[in-house]
Amino acid sequence: MHLFATHFGTYEVAEDAHGKPRLLPFRHDPAPSEMGLGYLALADHLQRVRAPMIRRSWLESGPLAGTGRWRGNDEFVTVSWDKAANLVADEVRRVSSIHGNQAIFGGSYGWASAGRFHHAQSQLKRLLNLAGGFTSSVNTYSYGAAGVLLPHVLGADYKDACDTSPSWNDIADHCDLLVAFGGFRLTNTQVEAGGTGSHRAAEWLKRCQEQGTEIVIFSPAASDAPAGKNVRHIPLRPNTDAAVMLGMCHTLLVHGLLDRSFLTRCTVGFSELETYLTGKIDGVAKDAAWASSISGVPMDAIVAIAKNLNHQPSLINVAWSLQRAQFGEQPFWTAIALACMAGHVGKAGCGFAFGLTAVNSVGQPVRRLKGPAFDQGHNPVRQYIPVARITELLENPGGTMDYDGRVLTLPDIRLIWWAGGNPFHHHQDLNRLRQAFQRPETIIVSEPMWTATAQMADIVLPSALPFERDDIAASSRDNWLVYSRRVVQPPNGILSDHEFYGLVADRLGFRSEFDGGLYIDEWLVKIYDGYRDRYPELPDFPSFQDRGFAALDEGADAPAPADHFRRFANDPRSAPLKTPSGRIEIGSEAIAAFGYDDMPGHPVWMPPAEWLGAPLAKKHGLHLLSPQPAHRLHGQLELGPASQSAKRHGAEQFSLSSADAARLGLRDGDLCEIYNDRGRLVAALAVDTGLMPGVIVLPTGSRYSPDAEGVDQGGNPNTLTDIAPASTLSQATAPNSCLVSVRLWKRIGREAA
Ligand SMILES: Nc1nc2c(c(=O)[nH]1)N[C@H]1C(S)=C(S)[C@@H](COP(=O)(O)OP(=O)(O)OC[C@H]3O[C@@H](n4cnc5c(=O)[nH]c(N)nc54)[C@H](O)[C@@H]3O)O[C@H]1N2
Ligand SMILES: Nc1nc2c(c(=O)[nH]1)N[C@H]1C(S)=C(S)[C@@H](COP(=O)(O)OP(=O)(O)OC[C@H]3O[C@@H](n4cnc5c(=O)[nH]c(N)nc54)[C@H](O)[C@@H]3O)O[C@H]1N2
Ligand SMILES: [Mo]
């Protein structure tokens, strides 16, 4: 079968009536995503980068900061691949020999493509490692706060976003009450990093409902609650979930509904939390009334749900979005404490989970596919940043930054090379990032499309699109392997990242180390055989290539992953966690010892600088949430038909409650200006009757396109968000703490009448 693999699933390649290739849903996928069906439209899109391009002032004046016209505001000159390879190799050599390799930032965060061989960062990192290394980045935008907190609380084994949840079949069979903070935004389940052959998360959630699991969803948006039976939605103010959970903890405490034996056997630090809950030190009891006044959730709902968490076999799920906020560690830590108090941790399908439905894989009862990726080699440079500190890195060379008990020194970055990511989509406060991007001497971007990031480069290296090359797609959290076969040839001799980096490696004198003396098809066999060494039941490469896919445990009942905490809960001594105490750390001496003001040694609720109760809310009274877009993957496929047809009057759509729309004199379809002290953007209003007043929702991924006045006509929420971190501990991204105002920009057409 001829298949094409993407992060949003697998597609079959067929021909239309004119013999042109077109994509069809994969026949083995029960819920294929529509997102990718129009992918081939990018092949000859006008916004495609068609040749290596150099910014004119850089080409004419050389790599000196502040020369000529500004980045992002200059014209580009086409050069040959040979010339581009010479310029790039010379620049890498110049910067590393004069300033040292730590002056090269190769962190390159981003989702790139699903194929494992052509994975852009891996290709770039292998090249830069051979050239002496680069300043790198750690952690993710997805899970940055939790990924640093959880090793302290649960141990290093639970650092990964997808590994805490019990499996869906156990939830359906054993959990009577599922309380979710941050909802089930089911459009997110279309996606899995590295791809999948089978979208099943929504089906599993439905099965839970049908088998009688009662579901309670705390979210500002009613649309976060799934349709169907046994669902109750409770609105709450954004960023107040930890307060609601603490109110529940307090309820359990005062009603004596605690699993004391579990707390004693399996946790440490509960007494610190207890002191905080009762208000012994600050005089404030964190009771249901306190939580209600902060969150807007009725007090009796908090009390009743807390009691049920204890009475019924229950599971608490927290959406990843909650930790993409200031103090975003807290709802995660508090949920663990609450689940330990309520007493079902370690029972099948119960306890706590993070990110059910965030992506397809969380909770899937499938065997994980662990295999070799394209080898990046070794980076001799020790300097790194937590990934969301890119602006500070550029603004503050030589400065220091506290992070997870360490003090990092920020190197002086002279050269940035980005491949497979789009910081001018994903980072916060893009106007500030734009200033910071003026600092380095040279910026290189490898990118198939003219993204906002490509526009900011000095050297733009086009890359073949994923359907223009052969690859193997596989996700370490999924049981599918797909042979992704080229659909069309890249136009104008456009090279893949690997092919171009080979030219650069040649000029730097390490070509054979870079490509290992292998052609691309030989690399694919090598990677596949690496999987087969682990899973001998996989077919041989020619059969796999011919059939187009392989799935572990196909047709059989997949083995459910072991319930991680069950062995620990049964006997914490024989199966300790990898925390300092070997137990769940409801209080952490290690974190307390760091002495960070914004990160005490036990779960707390603290008011973020931007939320509906903040002083700033008097000026900018709407809380902006920027969830994942339904019709594209971040900025990828923004130019595809699904994303473009979801625009209104050509603008990105945002939502507001009917009460707020009426109060502001705005009508459905109005083009509006959303603004705060960091930026201004234009987007089209879609009134959402299920949204809580005071909240505004603008998904990510629309292209940042500031006009001459600096107003982002593309409607990217990161024009408005702040770079302030979740906390000093994690230094993670926190875009979901952001206050804005809205006013009419322009009323158009029928809607104006
Ligand atoms: N406000 C706000 N901001 C957020 C978030 C939020 O919730 N709110 N979420 C954050 C999260 S969780 C994430 S993961 C990030 C995602 O941010 P990114 O991962 O940076 O977003 P993508 O659009 O997936 O960027 C991938 C880029 O790689 C390019 N690409 C694809 N294939 C190839 C290839 O083979 N070679 C090369 N050279 N390039 C290729 C694509 O064209 C695309 O431009 O955004 C973060 N930003
Ligand atoms: N279609 C599509 N799917 C995707 C992606 C994509 O770009 N497109 N991106 C993927 C990636 S990289 C990631 S990391 C995951 C992210 O997965 P998540 O982090 O779970 O997703 P979000 O869409 O950011 O947020 C989910 C919901 O959280 C709610 N929410 C936000 N803030 C709060 C709060 O303070 N309290 C409560 N109770 N609720 C809140 C919002 O209403 C939102 O609908 O999604 C993945 N799935
Ligand atoms: Mo993400």
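Values in this document were obtained by computation on a predicted structure and should not be read as measured data. Residue numbers count from 1 along this sequence. Start at 1 and go down the list; that is how both ligands and their atoms are numbered.
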- side chain to side chain donor-acceptor pair (under 3.5 Å) between Ser361 and Glu192: does it pass, once the steps are laid out? CA-CA 7 Å; Ser361 64; Glu192 186 55 54; 2.9 Å; yes
Of the protein's non-hydrogen atoms, which lies at the shortest distance from [atom], and what is that distance?
atom: atom 19 (O) of ligand 1; value: Trp111 N, 2.8 Å
atom: atom 5 (C) of ligand 2; value: Gln628 CB, 3.5 Å
atom: atom 40 (C) of ligand 1; value: Pro448 CD, 3.6 Å
atom: atom 11 (C) of ligand 1; value: Tyr141 CB, 3.6 Å
atom: atom 36 (N) of ligand 1; value: Asp497 OD2, 2.7 Å
atom: atom 23 (O) of ligand 1; value: Gly635 N, 2.9 Å
atom: atom 3 (N) of ligand 1; value: Asn718 ND2, 3.1 Å

Those residues at least two apart in sequence (or on a different chain) that pass salt bridge (Lys or Arg N to Asp or Glu O under 4.0 Å) with Glu447 are none
Within the structure, is a non-hydrogen atom of Phe8 found at a distance of less than 4.0 Å from ligand 2? no
Next item on the list: Would you please determine whether Gln636 falls within less than 4.0 Å of ligand 2 on a heavy-atom basis?
Entry: no
Kindly confirm or rule out an N or O of [X] lying under 3.5 angstrom from an N or O of ligand 2.
X: Thr187; value: yes
X: Ala358; value: yes
X: Asp241; value: yes
X: Val191; value: no
X: Asp224; value: yes
X: Thr240; value: no
X: Phe218; value: yes
X: Pro629; value: yes

Are [X] and [Y] close enough that their ring centres sit under 6.0 Å apart?
X: Phe354; Y: Tyr143; result: no
X: Phe327; Y: Trp605; result: no
X: Phe467; Y: Tyr11; result: no
X: Tyr501; Y: Trp417; result: yes

Any heavy-atom pair between the side chains of [Y] and [X] that's under 4.5 Å?
X: Arg389; Y: Ser137; value: no
X: Ser292; Y: Ile302; value: yes
X: Leu698; Y: Leu681; value: yes
X: Ile305; Y: Arg232; value: yes

Residue pair Gln190 / Ser33, side-chain donor-acceptor N/O under 3.5 Å: yes
Check your understanding: Are Glu610 and Ser737 linked by a side-chain donor-acceptor pair shorter than 3.5 Å?
Key -> no
Per-atom contacts, ligand 2 versus [X] - under 4.0 Å to a heavy atom:
X: Asn239; answer: 34 (C), 35 (O)
X: Gln190; answer: 1 (N)
X: Met35; answer: 1 (N)

Against heavy atoms of [X], which atoms of ligand 1 measure under 4.0 Å?
X: Ser113; answer: 32 (N)
X: Ser446; answer: 37 (C), 38 (N), 39 (N)
X: Gly110; answer: 18 (P), 19 (O), 20 (O)
X: Ala120; answer: 36 (N), 37 (C), 38 (N)
X: Thr700; answer: 1 (N), 2 (C), 3 (N), 4 (C), 5 (C), 6 (C), 8 (N)
X: Thr451; answer: 44 (O)

I'd like to know if [X] contacts ligand 1, where contact means a heavy-atom distance under 4.0 Å to any ligand atom.
X: Arg632; result: no
X: Gln428; result: yes
X: Tyr109; result: yes
X: His498; result: no

Check your understanding: Regarding Arg126 and the six-membered ring of Phe374, is the cationic atom NZ or CZ under 6.0 Å from the ring centre and inside 45° of its axis?
Key -> yes
Geometry only, no angles: is His427 polar-contacting ligand 1 at N/O separations under 3.5 Å?
no
Honestly, for Leu322 the part within reach of ligand 2 (heavy atoms, under 4.0 Å) is side chain
Counting heavy atoms under 4.0 Å, the part of Leu236 that contacts ligand 2 is side chain
Exercise: identify the closest heavy-atom pair between [X] and [Y]:
X: Asn360; Y: Ala201; value: OD1-N, 3.2 Å
X: Ile294; Y: Trp611; value: O-CZ3, 3.5 Å
X: Leu656; Y: Val695; value: CD1-O, 3.9 Å

**Asked** Does a salt bridge link Lys647 with Glu652, judged by any charged N lying under 4.0 Å from a carboxylate O?
**Response** yes
Pick from [options]: the one approaching [atom] most closely through a non-hydrogen atom:
atom: atom 28 (O) of ligand 1; options: Ser496, Gly115, Gly420; answer: Gly420
atom: atom 42 (O) of ligand 1; options: Glu447, His118, Glu638; answer: Glu447
atom: atom 10 (C) of ligand 2; options: Gln323, His426, Arg237, His634; answer: His634

Residue-level breakdown please: for [X] versus ligand 1, do any non-hydrogen atoms fall below 4.0 Å on the side chain, on the backbone, on both, or on neither?
X: Ser142; answer: both
X: Gln121; answer: neither
X: Ser626; answer: both

For Tyr704, the side-chain hydrogen bond (donor to acceptor under 3.5 Å, both in side chains) test, sequence neighbours excluded, returns Asn431
Does Val387 offer a backbone N or O that forms a donor-acceptor pair with the side chain of Gln731 under 3.5 Å?
-> no
Q. In terms of heavy-atom contacts, does CD of Gln47 have more than 12 from other residues, nucleotides or ligands at under 6.0 Å?
A. yes
When Asn422, Thr391, Asn718 are each screened for side-chain hydrogen bond (donor to acceptor under 3.5 Å, both in side chains) with His427, the one that passes is Thr391
